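Structure record follows, encoded as structure tokens.
Scope of the values below: all heavy atoms of this structure, side chains included, with no hydrogens, waters or symmetry mates. Values in this document were obtained by computation on a predicted structure and should not be read as measured data. Sequential numbering from 1 along the given sequence is applied to the chain's residues.
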Amino acid sequence: MKTKPTLELSDIKRIAAAAEAEALQNNWVVTIAVVDDGGHLLWLQRLDGAAALSAHIAPAKAHTAALGRRETKNYEDMIDGGRHSFLSVPTIGGMLEGGVPIMKDGVCLGAVGVSGVKSTEDAQIARAGIAAL
């Protein structure tokens with residue numbers, strides 16, 4: 001039987017704290033979501049002043065990044081490139097930049113999704129959180 005690493009609460013708190021620090025350092029008001037490898041929500045943090053909608057978008061981005069094991073920007077680029085039929089994929093949303101998988105030794109442990117500022121900035125915050133591991 002194979003074994004694989006998993007995220008622990010201490011890891012999730014470290015990711016969230018680093019993502020929050022990146023957002024605050026840049027005066028960005030966002031929502032940060034962390035999910036496990038199945039896309040299940042483990043952490044949701046909506047900074048003061050973040051739009052209510054961002055609390056729906058951030059987990060969707062994280063969910064998509066975890067299940068696809070790739071950054072959500074890939075899906076956004078695919079759709080922008082003309083593959084509009086990809087929008088019909090069932091139960092997948094959040095196909096906007098800002099969802100980043102958490103990878104270790106080729107295994108997806110989960111993902112971070114951020115929403116609230118420009119998509120490139122959302123992704124920057126997510127990557128900063130993951131870098132804390």
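Applying the salt bridge (charged side-chain N to carboxylate O under 4.0 Å, His left out) test to pairs two or more places apart or on separate chains, none has a residue in residues 46-56. Applying the ring-ring contact (aromatic ring centres under 6.0 Å, His included) test to residues at least two apart or on different chains, the pairs with a partner in residues 59-82 are Y75-F86. Among pairs with a residue in residues 89-99, none fulfils side chain to side chain donor-acceptor pair (under 3.5 Å), at least two apart in sequence or across chains. Applying the side chain to side chain donor-acceptor pair (under 3.5 Å) definition to pairs two or more places apart or across chains, those involving residues 26-45 are K4-D37, E20-Q45, E22-N26, T31-S54, D36-H40, W43-Q45. For residues 120-133, the salt bridge (charged side-chain N to carboxylate O under 4.0 Å, His left out) pairs, not counting sequence neighbours, are K61-D122, E71-R127. Among pairs with a residue in residues 2-27, none fulfils ring-ring contact (aromatic ring centres under 6.0 Å, His included), at least two apart in sequence or across chains.
With rounding to the nearest 0.5 angstrom, the CD1 atom of I125 is 9.5 Å from the OG1 atom of T120.
For L109, the side chain to side chain contact (heavy atoms under 4.5 Å, CB included) test picks out P5, L7, I102, K104, V107, with sequence neighbours left out. By the side-chain hydrogen bond (donor to acceptor under 3.5 Å, both in side chains) test, D77 pairs with K73, sequence neighbours left out. Residues meeting the side-chain hydrogen bond (donor to acceptor under 3.5 Å, both in side chains) test with R14, sequence neighbours left out: D11.
Shown here for G99 and A65, the closest heavy-atom pair between the two residues is C-CB, 3.6 Å. Minimum interatomic distance between A128 and A18 (heavy atoms only, all atoms of both residues): O-CB, 3.6 Å. Residues S85 and S88 approach most closely at O-OG, 2.6 Å, considering heavy atoms. Nearest heavy-atom pair, A23 versus V30, reported as atom, atom and distance to 0.1 Å: CB-CG2, 3.9 Å. The minimum heavy-atom distance linking A66 with A111 is given by the pair N-CB, 3.6 Å. The minimum heavy-atom distance between P101 and I130, with the atom names listed, is O-CD1, 3.6 Å.
Other cluster members for L44: V35, L41, joined by side-chain heavy-atom distances under 4.5 Å among Ile, Leu, Val, Met, Phe, Trp and Tyr. In the hydrophobic clustering (ILVMFWY side chains linked at under 4.5 Å, chained through shared members), L53 is joined by I57.
Linking ILVMFWY side-chain heavy atoms closer than 4.5 Å, directly or via other members, places I32 and L24 in a single hydrophobic cluster. Transitive grouping of hydrophobic side chains (ILVMFWY, heavy atoms separated by less than 4.5 Å) keeps M103 and V112 in distinct clusters. Linking ILVMFWY side-chain heavy atoms closer than 4.5 Å, directly or via other members, places L67 and L96 in two distinct hydrophobic clusters.
Results of the side-chain contact (heavy atoms from CB on, under 4.5 Å) test with M95 over T72, L87, N74 single out L87 as the only residue that passes.
Formation of a donor-acceptor pair under 3.5 Å by the S119 side chain with backbone atoms of G98 is not found in this model.
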